[in-house]
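Whatever order the structure lists ligands and atoms in, that order sets their numbers, starting from 1. Because the structure is predicted, anything quoted here is derived from the model rather than measured.
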Amino acid sequence: MNIKHIRNATLVVEYAGKKFLVDPMLADKGTIPPFPNSPRQDQNNPLISLPTSIESIIENIDAVIVTHLHYDHWDDAAKNALPKDIKLFAQNEDDAAEIGKDGFTNIEVLTEDTVFEGIQLVKTKGEHGRGEILKLAGLVCGVVFKHSSEKTLYVAGDTVWYDAVQEVIDTHKPEVIVVNAGDNQFFQGGSLVMGKDDVYEVCQAAPNAKVVAVHMEAVNHWGLSREDLKSFLNEKGLTENVLVPNDGDAYSF
Ligand SMILES: [Zn+2]
């Protein structure tokens, strides 16, 4: 497999000969208002430009996976750029209906036994925060990719560390795990995605996996920088376990 980190949670995953686009936020730098009630209100989103052209990102994509509809995962630029008949996976009927309102015609709801072109796509649970904030943050999912010719890949999505993430790791034994680790937060309510302690837990649960930390420094409410994560990993002796890509970096596994 090849995983290219585009920006924020946006990935291009080449897996068993198919090309997936995950959580496309393709807006130009600074074209969307900041998330409210959170740091950096003086900066519009995304905070940074795409590392490459939209055309090259969406070229030859076989399917798009949208883990949830927050605009840092599915935005107007993506809706405008993608062909309306492209194969699209959504986490549930509600999201599928919303995506359909924008004219997309080939939407499938992910389940625990979805198969696409011979590739198993397993919808996984996620919690987009802890406690009260969950009501505001709404439902999210992750996905496990499986194929006999490939290592197992777990894209965890916008989730904090909690028992269901441990369960996915125990059940599917992923060799590669992508985590959203920017510790994004509003002024109240705590972490909405993983921070460094969550990444540590993932490494403890999957000591032989390669963890790829993304969703960092791209939207205004980020709380953990790449540099801070890297120095934490250094302290904990986990630099071999966790990759912290810059936008545009790609890895083969
Ligand atoms: Zn997000």
Problem set entry | Crowding at NZ, Lys230 (>12 non-hydrogen neighbours, <6.0 Å) | yes
Problem set entry | Backbone of Gln185 reached by a side-chain donor or acceptor of His221 within 3.5 Å | no
Exercise. Of the non-hydrogen atoms in Val22 and Val13, which two are nearest, and what is the gap between them?
Worked result: CG2-CG2, 4.2 Å
For this session: Compute both the distance and the angle, then confirm whether Lys87 meets the cation-pi test with Phe89: under 6.0 Å from the six-membered ring centre, within 45 degrees of the axis.
Result: yes
Problem set entry | Total protein N/O/S atoms whose distance from the Zn ion (ligand 1) is less than 2.8 Å | 4
Problem set entry | Selection residues 130-143 - residue pairs positive for salt bridge (Lys or Arg N to Asp or Glu O under 4.0 Å), sequence neighbours left out | Arg130-Asp198, Glu132-Lys135
Problem set entry | Check: Lys84 main-chain N/O paired with Thr105 side-chain donor or acceptor under 3.5 Å | yes
